[in-house]
**Q** 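Let me give you the structure first, and then I'll get to my questions.
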Amino acid sequence: MANEKDATSALLHTFFASCPEMLFIADVDGRMLHASGSLRQALGARVQDGSSLAALVHADDRSNFAAAWTRLNEQTEPVQVDVRLMDAQGAYRRLTCNASRASEGGTIHGSLRQADADRESSPAEPSLKERLLDGLADNLQVVIWAIDTEGTVIYHDGKGLDAAGLARGELLGKNLLELYPEKDRIILRGALAGAIAHDHNTAHGVHWESWVVPVLNRRGEVDSVLGFSLDVTTVRRAQDELRARITQIEKQQEVIRNLSTPIIEVWNGVLTLPMIGVVDSVRTAEMMDSLLARITEKQAQFAILDLTGVEVVDTKVASHLIELVAAIRLLGAEGIVAGIKPNVAQTMVALGLDLSTIATQRDLRAALSYCIRRMAPQPPQENRAGVTAS
């Protein structure tokens, strides 16, 4: 009895291996138990024991195929359905599936054949949607992909795959929920739950901008997810280079600002700020911040504002200078303006500015001498009777 059973099993195996028809045996859930050699040759390595036939069905045909499979599980009469299945080259072929449930109910027996006998010699004109999709995939740096409700890749194409080092259709049959990081898996699960997502990520050495869209069947249920990933590596690199240049320019500007407002400690407790060239309101404000910080840091007693190199002063700048001297005084130091040129002096007078409260000196040397004299200890004074005051 055992020998007869083994012989029958070997005969069945030989039959499936050599049969020229595309035959299969599947369980009630659609998982392959046996597939003929012709079927394996037509659909490729994706047809393996335990693989799902539904995973090879085109997204637009899945609802019809699922309904036909449901009828198979509810009746013993044969069921026929036309369906597009992905072949060994990654293209979809329109096939007719004839199947029926075994009398004992545990398996489904079926066959596949070309839906139209003349299709091979005279293929149908692709639909407008197919031509548009092929046009995008073949000419743009994009990857167009789709997964089923289990996360298995059912479509994988696009010129952008070249930059990623992948072949078209390379990920077919693989599960994206297992291949990619948790961040990407969260987006995919969200799309499977009905949420549209837009994301930037890096994969296979390429920067992608991706749109992930749930695809609904006629009942309004998500039966697949469509992904459109655009290669933005060139744009990303240009943005990084621009940011680097902006950072470098900001550093250079900082150096220029520091050079344009050099604060020098010319004597112990005496700081000087040479002003050169055009002095505008922005630069004056920067000078004020820097000088006040240095006065506090050095505990300076005097701050000399040297205007020798300044040719023009307007109302706002003159007002800022007065405010700067007042701020210096509030810090317990004395502000001194030195080196005012004749034309600048005339401008200040014409503007009606009150400089009576500001100590002014002819030039930097005179201002420094003034500071040294003020810091020198004063000799004791004698009264009229010749007695030295203690």
**Q** Should Met275 and Met287 count as side-chain neighbours, where that means a heavy-atom distance under 4.5 Å?
**A**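 They are in side-chain contact.
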**Q** Using only atom types and a distance under 3.5 Å, with no angle test, would you say the side chain of Arg71 pairs donor to acceptor with the backbone of Val79?
**A**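 Not at all, since once roles are kept as given, no pair shorter than 3.5 Å links the two residues.
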**Q** At their closest point, which heavy atom of Ser210 faces which heavy atom of Asn201, and how far apart are they?
**A**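 Shortest heavy-atom separation between Ser210 and Asn201 comes out as OG-OD1, 4.0 Å.
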**Q** Same cluster or not: are Ile328 and Val266 linked, directly or through other Ile, Leu, Val, Met, Phe, Trp or Tyr residues, by side-chain heavy atoms under 4.5 angstrom apart?
**A**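 No.
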**Q** Considering the options Val232, Leu166, Asp231, which one meets the side chain to side chain contact (heavy atoms under 4.5 Å, CB included) requirement together with Val206?
**A**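 Output: one option passes, namely Asp231.
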**Q** Treating Ser100 as the side-chain partner and Pro78 as the backbone partner, does any N or O pair qualify as donor plus acceptor under 3.5 Å?
**A**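 Side chain of Ser100 to backbone of Pro78: no pair is present.
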**Q** Answer with yes or no whether the side chains of Thr202 and Trp208 bring together a donor and an acceptor at under 3.5 Å.
**A**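 Short answer, no.
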**Q** What's the spacing between Asp60 CG and Asn217 CG if we round to 0.5 Å?
**A**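 Spacing of CG (Asp60) from CG (Asn217) equals 11.0 Å.
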**Q** Answer yes when Arg189 and Glu182 have at least one side-chain N-carboxylate O distance shorter than 4.0 Å, and no when they do not.
**A**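 Yes, Arg189 and Glu182 are salt-bridged.
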**Q** Provide the closest heavy-atom pair for Gln141 versus Lys159 in the form atom of the first, atom of the second, distance.
**A**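 Heavy atoms only, the tightest pair is NE2-CE, 3.5 Å.
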**Q** Does the side chain to side chain donor-acceptor pair (under 3.5 Å) test come out yes or no for Gln114 and Arg94, once each step is laid out?
**A** CA-CA 7 Å; Gln114 195 71 28; Arg94 186 175 295 278; over 6 Å; no
**Q** I want to check something: taking the side chain as every heavy atom from C-beta on, are Arg84 and Phe65 in contact at a cut-off of under 4.5 Å?
**A**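 Heavy-atom side-chain distance check fails, nothing below 4.5 Å.
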**Q** Within the structure provided, determine whether Lys174 and Thr152 are in side-chain contact (heavy-atom separation under 4.5 Å).
**A**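 No. Closest side-chain heavy atoms not under 4.5 Å.
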**Q** Which heavy atom in Ala303 sits nearest to a heavy atom in Ile295, and how many Å separate them?
**A**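 Residues Ala303 and Ile295, closest heavy atoms: CB-CD1, 3.9 Å.
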**Q** Distance from Arg243 atom CZ to Arg245 atom CZ, nearest 0.5 Å?
**A**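 Between Arg243 CZ and Arg245 CZ, I get 13.5 Å after rounding to 0.5 Å.
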**Q** Do we see a donor-acceptor contact under 3.5 Å between the side chains of Ser111 and Asn98?
**A**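 No donor-acceptor contact under 3.5 Å links the two side chains.
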**Q** Linking I/L/V/M/F/W/Y whenever their side-chain heavy atoms sit closer than 4.5 Å, directly or via other members, would Tyr155 and Val213 fall into one cluster?
**A**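 No, Tyr155 does not connect to Val213 through the hydrophobic network.
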**Q** Once you measure the plane-to-plane angle for His58 and Tyr92, does it fall in the parallel (<30°), tilted (30-60°) or perpendicular (>60°) bin?
**A**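 His58 vs Tyr92 ring planes: perpendicular.
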**Q** Same cluster or not: are Ile108 and Met22 linked, directly or through other Ile, Leu, Val, Met, Phe, Trp or Tyr residues, by side-chain heavy atoms under 4.5 angstrom apart?
**A**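 Yes, Ile108 and Met22 fall within the same hydrophobic cluster.
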**Q** Test side chain to side chain contact (heavy atoms under 4.5 Å, CB included) on Glu334 and Arg329 and set out the steps.
**A** CA-CA 5 Å; Glu334 182 178 353; Arg329 188 179 298 116; over 6 Å; no
**Q** Thr70 side chain to Ala66 main-chain N or O, any donor-acceptor pair under 3.5 Å?
**A**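 A pair under 3.5 Å: yes.
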**Q** Could you give the distance from CG (Asn175) to CZ (Arg185), rounded to the nearest 0.5 Å?
**A**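 Rounded to the nearest 0.5 Å, the CG-CZ separation comes to 10.0 Å.
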**Q** Would you compute the distance between atom CG of Leu305 and atom OG1 of Thr360 and round it to the nearest 0.5 angstrom?
**A**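 The OG1 atom of Thr360 is 11.5 Å from CG of Leu305, to the nearest 0.5 Å.
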**Q** Quick check: do Thr308 and Leu364 have side-chain heavy atoms less than 4.5 Å from each other?
**A**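 Not touching, per the 4.5 Å side-chain cut-off.
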**Q** Keeping the roles fixed (side chain from Arg113, backbone from Leu95), state whether a donor-acceptor pair exists under 3.5 Å.
**A**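 Side chain of Arg113 to backbone of Leu95: no pair is present.
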**Q** Assess whether a salt bridge exists between Asp199 and Lys183, defined as any Lys/Arg side-chain N lying under 4.0 Å from an Asp/Glu carboxylate O.
**A**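 Judged by the 4.0 Å cut-off on N to carboxylate O distance, Asp199 and Lys183 do form a salt bridge.
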**Q** What's the spacing between Asp82 CG and Asn64 CG if we round to 0.5 Å?
**A**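 The CG atom of Asp82 sits 9.5 Å away from the CG atom of Asn64.
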**Q** For residues Arg62 and Ile154, determine if any side-chain heavy atom of one lies less than 4.5 Å from a side-chain heavy atom of the other.
**A**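 Heavy-atom side-chain distance check passes, below 4.5 Å.
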**Q** Under 3.5 Å, side chain of Ser38 to main-chain N/O of Pro20, donor-acceptor pair present?
**A**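 Confirmed, Ser38 side chain pairs with Pro20 backbone.
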**Q** Would you say that Leu321 contacts Leu307 through its side chain, given a criterion of any heavy-atom pair below 4.5 Å between the two side chains?
**A**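 Yes. Closest side-chain heavy atoms under 4.5 Å.
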**Q** Taking the six-membered ring for Trp, are Trp211 and His198 closer than 6.0 Å centroid to centroid?
**A**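 Distance test on ring centres: under 6.0 Å, yes.
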**Q** Check Arg31 with Asp29, please: is the shortest side-chain N to carboxylate O separation under 4.0 Å?
**A**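 Looking at Arg31 together with Asp29, the answer is yes, because their closest N to O distance falls below 4.0 Å.
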**Q** Can you say whether the rings of Phe24 and Trp69 are parallel (under 30°), tilted (30 to 60°) or perpendicular (over 60°)?
**A**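 Rings of Phe24 and Trp69: parallel, as their planes differ by under 30°.
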**Q** Over all heavy atoms of both residues, which pair between Val222 and Pro214 is shortest? Give the atoms and the distance, please.
**A**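 The answer is CG2-CB, 4.0 Å.
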**Q** Looking only at heavy atoms, which two atoms of Arg294 and Ile263 are closest? And how far apart?
**A**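 Looking at all heavy atoms of both residues, the closest pair is NH1-O, 3.5 Å.
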**Q** For Ile144 and Leu226: C-alpha separation, side-chain torsions, deciding distance, then whether side chain to side chain contact (heavy atoms under 4.5 Å, CB included) applies.
**A** CA-CA 8 Å; Ile144 304 172; Leu226 172 66; 4.0 Å; yes
**Q** Ignoring hydrogens, what is the shortest heavy-atom contact between Cys371 and Ile336? Give both atom names and the distance.
**A**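 Closest approach of Cys371 to Ile336: SG-CD1, 3.3 Å.
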**Q** Quick one: do Val215 and Val225 satisfy side chain to side chain contact (heavy atoms under 4.5 Å, CB included)? Show the steps, please.
**A** CA-CA 5 Å; Val215 179; Val225 168; over 6 Å; no
**Q** Ignoring hydrogens and geometry, is there a side-chain-to-backbone donor-acceptor pair from Thr107 to Ala26 under 3.5 Å?
**A**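 Not at all, since once roles are kept as given, no pair shorter than 3.5 Å links the two residues.
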**Q** Measure the spacing between CG of Leu172 and CG of Leu56 and express it to the nearest 0.5 Å.
**A**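 Going from the CG atom of Leu172 to the CG atom of Leu56 covers 9.0 Å.
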**Q** With a 4.0 Å cut-off, would you call Asp240 and Arg237 a salt bridge?
**A**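 Salt bridge between Asp240 and Arg237, a charged N being under 4.0 Å from a carboxylate O: no.
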**Q** Using a 4.5 Å cut-off on heavy atoms from C-beta on, say whether the side chain of Val310 contacts that of Lys341.
**A**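 Lys341 vs Val310: side chains apart.
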**Q** Under 4.5 Å between side-chain heavy atoms, counting indirect links through other Ile/Leu/Val/Met/Phe/Trp/Tyr residues: same cluster for Leu161 and Val142 or not?
**A**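 Same cluster.
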**Q** Under 4.5 Å between any side-chain heavy atoms of Leu39 and Leu112, yes or no?
**A**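 They are in contact (side-chain heavy atoms under 4.5 Å apart), so the answer is yes.
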**Q** Does Val28 offer a backbone N or O that forms a donor-acceptor pair with the side chain of Asn73 under 3.5 Å?
**A**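 Answer holds: yes.
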**Q** Using only atom types and a distance under 3.5 Å, with no angle test, would you say the side chain of Asn139 pairs donor to acceptor with the backbone of Gly135?
**A**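 Side chain of Asn139 to backbone of Gly135: a pair is present.
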**Q** Spell out, as yes or no, whether a donor-acceptor pair under 3.5 Å connects the side chain of Asp87 to the backbone of Leu43.
**A**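 Side chain of Asp87 to backbone of Leu43, a donor-acceptor pair under 3.5 Å: no, none is there.
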**Q** Hey, any chance Leu273 and Phe302 share a hydrophobic cluster, counting ILVMFWY side chains that come within less than 4.5 Å of each other, even indirectly?
**A**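 No, Leu273 and Phe302 fall in different hydrophobic clusters.
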**Q** Crowded around Gln41 CD? As in, over 12 foreign heavy atoms under 6.0 Å?
**A**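 Not buried by this count: 12 neighbours or fewer within 6.0 Å.
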**Q** Does a salt bridge link Asp157 with Arg168, judged by any charged N lying under 4.0 Å from a carboxylate O?
**A**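 Counted as a salt bridge, because a side-chain N and a carboxylate O are separated by less than 4.0 Å.
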**Q** Give a yes or no on this: more than 12 heavy atoms of other residues, nucleotides or ligands lie within 6.0 Å of atom CD of Glu150.
**A**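 Count not over threshold, so no.
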**Q** In terms of side-chain heavy atoms, does Arg374 have a donor or acceptor partner in Gln301 at a distance below 3.5 Å?
**A**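 No - no donor-acceptor pair under 3.5 Å links their side chains.
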**Q** After noting the C-alpha distance and the side-chain angles of Leu368 and Arg365, does the key distance pass the side chain to side chain contact (heavy atoms under 4.5 Å, CB included) rule?
**A** CA-CA 5 Å; Leu368 182 56; Arg365 181 176 181 178; 5.8 Å; no
**Q** Could you check Asp148 against Ser224 for side chain to side chain donor-acceptor pair (under 3.5 Å), going step by step and ending with a plain yes or no?
**A** CA-CA 4 Å; Asp148 61 15; Ser224 60; over 6 Å; no
